[in-house]
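Position 1 is the first residue of the sequence, and the numbers go up from there. Every value quoted in this text rests on a predicted model; they were computed, and no experiment measured them.
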Amino acid sequence: MRRVLVSWCVVVAAVTTGCAGGGDGGDDRARQDPRPEPPALTWRQELRIADAQQRLTRQCMNGQGFTYREDRGLTLRESRPVRYVQDDVAWARAHGYGGRIEAKSLRVHESNPNGTYRRGLSPSRRAAFDAALDGGGDARMLTAALPGGGATRKRVGGCTEEAERALYGDPAEWYRTGKIATGLNALYGKDLMGDRRLTAAVRAWSRCMKEAGRPYDDPRAAREAVRANTARLGAARAGEAFAVERKTAVADAACARETSLRAVATAREAYYLDRLRDRFGEDIDTYRHLGRRAYDRAVRIVPERS
């Protein structure tokens, strides 16, 4: 799952309605379009879809005579993404900012049994494996325009395409609308970062953190400081570093709750997203409908992780 945040995105996936307002970014005026917007997937639902895609891919690869293993390296709780605003105090007390989880995920990735299996094949069987998995070098390329400009490409074919088609129906439409829906922050990120209501909430969070003995300007600064401290202490003092990470993360989450930072950030992001619906609303809704379809199918394929 994606863990790196590239903007002030907080809980985009949880936003199902937006707000409109005047030039100062107010929220009091009701939406002009009363039609309900399809709800976005939660991270737990996205994870279950990913697990279902792996299951379908494994079945397809096995059917073509290859070994393919599903990735279940992280538990459900460990798979929870760490947002810009993290206000779950209990999770922070157990996992800090997820530093140890990231390290575990990296170890799992580096020891991926599918990569080891592929490297052990003969050149001809390796080429056959690649062709079976994603179409190999002859696979068609999907292209999607990005909201902020430019385009991105993805190879699609083989068992990967078969699994995506079984879940989403049309891999090309899923890819195209997905790049739009998840790339809109490129259009509003700067405005959101300077939004007066959000910056006021961040300042309140910062005052709370200072009172807790953690003087940071914003959540990003707190995490960067923790990351730098962990690197400085090194493996020999990993326990000490994690203790600092947990204490900082707990203070961060507690202050986020005290200042309602998540609620403010969610509302302000919804406001900026709503202003883009005239241009991208149809694509956003299509992306969400396809995601819902995939989830409905995924629940019949794999159980939720424990």
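The existence of a salt bridge linking Asp285 and Arg292 is excluded, since no basic side-chain nitrogen approaches an acidic carboxylate oxygen closer than 4.0 Å. Checked for salt-bridge contact, Glu102 and Arg227 miss the test: no charged N lies under 4.0 Å from a carboxylate O. Between Asp130 and Arg155, no side-chain nitrogen of the basic residue sits less than 4.0 Å from a carboxylate oxygen of the acidic one, so the salt-bridge criterion is not met.
At distances below 3.5 Å, at least one donor-acceptor pair connects side-chain atoms of Glu245 with backbone N or O atoms of Tyr97. Side chain of Tyr295 to main chain of Leu41: no donor-acceptor pair is present (N/O by atom type, distance under 3.5 Å, no hydrogens or angles). Side-chain N or O atoms of Glu304 include none that pairs as donor or acceptor with a backbone N or O of Arg44 at under 3.5 Å. For Arg69 (side chain) and Asn114 (main-chain N/O), no donor-acceptor pair under 3.5 Å exists by modelled atom type. Between the side chain of Asn112 and the backbone N or O of Thr116 there is no donor-acceptor pair closer than 3.5 Å. Within the 3.5 Å criterion, the main-chain N or O of Arg77 finds a donor-acceptor partner in the side chain of Trp91. Judged by distance alone, the side chain of Arg268 and the main-chain N or O of Leu198 form no donor-acceptor pair under 3.5 Å. Remark: side-chain polar atoms of Thr286 are paired, donor with acceptor, to backbone N or O of Glu282 under 3.5 angstrom. A donor-acceptor pair under 3.5 Å links the side-chain atoms of Tyr175 to the main chain of Arg153, judged by distance alone. No side-chain donor-acceptor contact under 3.5 Å links Arg246 to the backbone of Gly96.
Within 6.0 Å of the NZ atom in Lys247, the count of heavy atoms belonging to other residues, nucleotides or ligands does not exceed 12. Counting non-hydrogen atoms of neighbouring residues, nucleotides and ligands closer than 6.0 angstrom, the NZ atom of Lys104 exceeds 12 such neighbours. More than 12 heavy atoms of other residues, nucleotides or ligands sit less than 6.0 Å from atom CD of Gln64.
Atom SG in Cys60 sits 10.5 Å away from atom CZ in Phe66 (nearest 0.5 Å). Arg305 CZ to Asp51 CG: the interatomic distance, rounded to the nearest 0.5 Å, is 4.0 Å. If you take SG on Cys159 and CG on Asn62, they are separated by 9.0 Å, rounding to the nearest 0.5 Å. For the atom pair Asn229 CG and Thr248 OG1, the distance stands at 8.0 Å (nearest 0.5 Å). In this structure, CG in Asp218 is found 11.5 Å from OG1 in Thr199, a value given to the nearest 0.5 Å. Taken from CZ in Arg297 to CD1 in Ile301, the straight-line distance is 8.5 Å, to the nearest 0.5 Å.
Ring geometry for Tyr188 against Tyr272 counts as parallel: the plane angle stays under 30°, on a 0 to 90° scale with 60° as the upper cut. Under the 30°/60° scheme for interplanar angles, the aromatic rings of Tyr287 and Trp174 are found to lie parallel.
Among pairs with a residue in residues 171-184, those fulfilling salt bridge (Lys or Arg N to Asp or Glu O under 4.0 Å) read Glu173-Arg176, Arg176-Asp283, at least two apart in sequence or across chains. Residue pairs meeting the disulfide (SG to SG under 2.5 Å) criterion with at least one partner in residues 198-271, sequence neighbours excluded, are Cys208-Cys255. Annotation: side-chain hydrogen bond (donor to acceptor under 3.5 Å, both in side chains) contacts involving residues 135-149, sequence neighbours excluded, comprise Arg140-Glu161.
When all heavy atoms are compared, the tightest approach of Thr57 to Ala163 is OG1-CB, 3.6 Å. Residues Val156 and Glu164 share a closest heavy-atom pair of CG2-OE1, 4.4 Å. In plain terms, the two heavy atoms of Ala52 and Ala298 that are nearest each other are CB-CB, 3.6 Å. Scanning all heavy atoms of the two residues, the minimum distance from Leu47 to Ser79 falls at CD2-CB, 3.6 Å. Between Ser206 and Tyr216, the shortest heavy-atom contact is OG-O, 2.7 Å.
With Trp205 as the partner, the side chain to side chain donor-acceptor pair (under 3.5 Å) test is satisfied by one option alone out of Asp217, Asp252, Thr259: Asp252.
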Using the rule given for side-chain contact (heavy atoms from CB on, under 4.5 Å), can you reason through Arg83 versus Trp43, listing the C-alpha separation, both sets of side-chain angles and the distance that settles it, and then say yes or no?
CA-CA 11 Å; Arg83 309 292 190 186; Trp43 67 267; 4.1 Å; yes
Run the numbers on Glu70 and Arg55 for side-chain contact (heavy atoms from CB on, under 4.5 Å), then give the verdict.
CA-CA 7 Å; Glu70 303 169 37; Arg55 176 66 53 82; 2.6 Å; yes
Trace of the side-chain contact (heavy atoms from CB on, under 4.5 Å) decision for Leu133 with Arg118:
CA-CA 11 Å; Leu133 181 59; Arg118 179 185 177 277; over 6 Å; no
List the steps, then state whether side-chain contact (heavy atoms from CB on, under 4.5 Å) holds for Val82 with His95.
CA-CA 10 Å; Val82 180; His95 302 290; over 6 Å; no
